Amino acid sequence: MNNIKNLLIGFTEEADATSAALTYGLSLAREAGAHATALSASVKLVLTHAVASRMAAGLVAGENQRVKELAEAAAESARHQANLEGVPCTVESVQLQYAELVGRFTALSRVHDLTVVDADPEILTMDRTLIEQALFASGRPVIVVPRSVNTFAAGRIIVAWDGTPKAVRALNDALPFLREAEQVDLVSVSGEKDLTNSVPGAEVAPHLARHGVNVNVVNLSAQQADVAETLRNHAALTQADMIVMGAYAHSRLRQLVLGGVTQSLLKASPVPLFLSY
């Protein structure tokens, strides 16, 4: 993992000290000998009407103060954890209006090798927004960590392969991890989409082998036409530590929205997801 020198860990005040991304990210930084930036993010509420009652203004100010204190406490916890891990870490706590916060997080993502964030099964949350912005707007890979995982491991890795440019991008972005893995399963799942014209896994395997990757080509049939469930089951069966995949998206109302397989795995994955777009 010599190519990983600088990673961003993003979490919200809702996650605070229980953030899996924080503990996982710090353990990854320690393993890679990398610097970490821990960003504790919270949204600042703003009254949208020019005329507002004193009571309403007081309630908003009180809520902003409460959330700010939570974010600052989370940042202090991150600083303490980094010190215990012996990881050089820059800690930042920000409370900004929604658009400004998203912009700040995106800008930080662009100047780090990768971003680590918490998985969030809910679609309309700040955590999910951070995931999507890091994917679509940073040009960097993202690791999404489920709450059940708090320590970095990459002994066994699954690469979801369908021969598309997104899969190629994810495969090559993940090479620092793949080289270090004891076993890499290059998994193609048939039955959900036409893979006739895609590059088969057997043709990609020599490329990975030349990079020093111990790769095994696996072809599976989609269980009940569900690619995500097939990958989940294979991860459980092989006791995988990570799933690498290209993040698929489609345009909805002129906004990029994560595709079905990506959404399904973000809602329920037994292992961290390494995503590239």
Side-chain angles (χ1 to χ4, degrees), residues 1-11 15 19-41 74-94 102-119 130-145 149-157 159 166-182 184 207-208 210-215 241-247 271-277:
M1 294 183 291
N2 293 333
N3 293 343
I4 299 173
K5 299 297 183 183
N6 196 27
L7 63 92
L8 172 65
I9 306 168
F11 55 96
S19 169
L22 177 60
T23 53
Y24 181 95
L26 290 176
S27 112
L28 168 54
R30 186 187 66 243
E31 185 79 14
H35 179 276
T37 299
L39 179 69
S40 177
E76 191 56 38
S77 175
R79 193 187 316 276
H80 179 67
Q81 289 187 49
N83 288 337
L84 288 177
E85 295 282 349
V87 174
C89 184
T90 301
V91 178
E92 183 176 350
S93 175
V94 296
V102 170
R104 175 62 179 156
F105 183 73
T106 302
L108 279 174
S109 297
R110 290 172 180 167
V111 296
H112 288 78
D113 293 317
L114 61 86
T115 298
V116 181
V117 291
D118 287 297
L130 295 184
I131 292 171
E132 294 188 351
Q133 284 300 309
L135 274 172
F136 298 148
S138 74
R140 300 292 193 180
V142 178
I143 297 180
V144 184
V145 186
V149 179
N150 54 32
T151 303
F152 168 75
R156 297 189 65 91
I157 299 177
V159 177
K166 297 290 190 299
V168 173
R169 174 70 180 272
L171 180 78
N172 283 280
D173 281 349
L175 274 175
F177 297 100
L178 303 183
R179 292 192 193 100
E180 299 290 332
E182 297 172 7
V184 174
H207 165 71
L208 290 174
R210 292 181 188 115
H211 278 277
V213 177
N214 183 23
V215 60
D241 298 305
M242 179 186 292
I243 295 175
V244 173
M245 64 180 293
V271 297
L273 302 176
F274 181 104
L275 302 172
S276 291
Y277 178 73

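Note that the coordinates shown come from a computational prediction; the quantities given were computed from them, not determined experimentally.
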Let me know which of Val159, Leu171, Leu178 forms a side-chain contact (heavy atoms from CB on, under 4.5 Å) with Val213.
Leu178

Examine distances only and state if a side-chain atom of Asn6 and a backbone atom of Val111 form a donor-acceptor pair shorter than 3.5 Å.
yes

Pairing residues for Phe105 by the ring pair (Phe, Tyr, Trp, His ring centres under 6.0 Å) criterion, not counting sequence neighbours
none

Measuring only between side-chain heavy atoms, which start at C-beta, is Val149 closer than 4.5 Å to Tyr24?
yes

May I ask you to test the Val145-Leu273 pair for a side-chain heavy-atom distance under 4.5 Å?
no

Scanning both residues in full, the closest heavy-atom pair of Asp113 with Arg140 reads O-CD, 4.0 Å

For Ser93 and Ala75, indicate whether the former's side chain and the latter's backbone hold a donor-acceptor pair under 3.5 Å.
no

Would you indicate whether the side-chain heavy atoms of Asn214 and Val184 approach each other to under 4.5 Å?
no

Does His80 have more than 12 heavy atoms from other residues, nucleotides or ligands lying within 6.0 Å of its NE2?
no

To check you understand the geometry: which heavy-atom pair defines the closest contact between Ser19 and Asp118, and what is its length?
OG-OD2, 2.8 Å

Take Phe274 and Asp173 through the side chain to side chain contact (heavy atoms under 4.5 Å, CB included) test and state the conclusion after the steps.
CA-CA 9 Å; Phe274 181 104; Asp173 281 349; 3.8 Å; yes

Measure from the side-chain N and O atoms of Thr23 to the backbone N and O of Asn150, and report whether any donor-acceptor pair falls under 3.5 Å.
yes

Just wondering, do Leu7 and Thr115 contact through their side chains at under 4.5 Å, heavy atoms?
no

To check you understand the geometry: which heavy-atom pair defines the closest contact between Val87 and Ala29, and what is its length?
CG1-CB, 3.7 Å

How close do Ala82 and Leu26 get, heavy atom to heavy atom, and via which atoms?
N-CD1, 3.7 Å

Inter-residue atom distance Ser77.OG - Leu22.CG, 0.5 Å rounding
6.5 Å

Any idea which heavy atoms bring Glu180 and Met1 closest together, and the distance?
OE2-N, 3.3 Å

Let me see the working for Glu92 and Arg104 under side chain to side chain contact (heavy atoms under 4.5 Å, CB included), right down to the final yes or no.
CA-CA 11 Å; Glu92 183 176 350; Arg104 175 62 179 156; 2.9 Å; yes

Under the side chain to side chain contact (heavy atoms under 4.5 Å, CB included) rule, what do Val271 and Ile243 come out as? Steps first, then yes or no, please.
CA-CA 7 Å; Val271 297; Ile243 295 175; 3.6 Å; yes

Let me confirm one number: the CZ-CG distance from Arg79 to Leu84, rounded to the nearest 0.5 Å.
13.0 Å

Gln133 side chain reached by Ile131 side chain, heavy atoms, under 4.5 Å
no

Does Leu39 form a side chain to side chain contact (heavy atoms under 4.5 Å, CB included) with Leu108? I'd like the steps, not just the answer.
CA-CA 9 Å; Leu39 179 69; Leu108 279 174; 3.9 Å; yes

Considering all heavy atoms, the nearest Ile9-Ala21 contact:
CG2-O, 3.5 Å

Does the side chain of Tyr277 reach to within under 4.5 Å of the side chain of Glu132, using non-hydrogen atoms?
no

Roughly how far apart are Glu31 CD and Thr151 OG1, rounded to 0.5 Å?
11.0 Å

Applying side chain to side chain contact (heavy atoms under 4.5 Å, CB included), can you list everything that pairs with Ala170, at least two apart in sequence or on another chain?
Val244, Ser276

Does any part of the side chain of Asn3, heavy atoms only, come nearer than 4.5 Å to the side chain of Arg179, both counted from C-beta?
yes

Quick one: does Phe177's side chain get under 4.5 Å of Ile4's, heavy atoms only?
yes

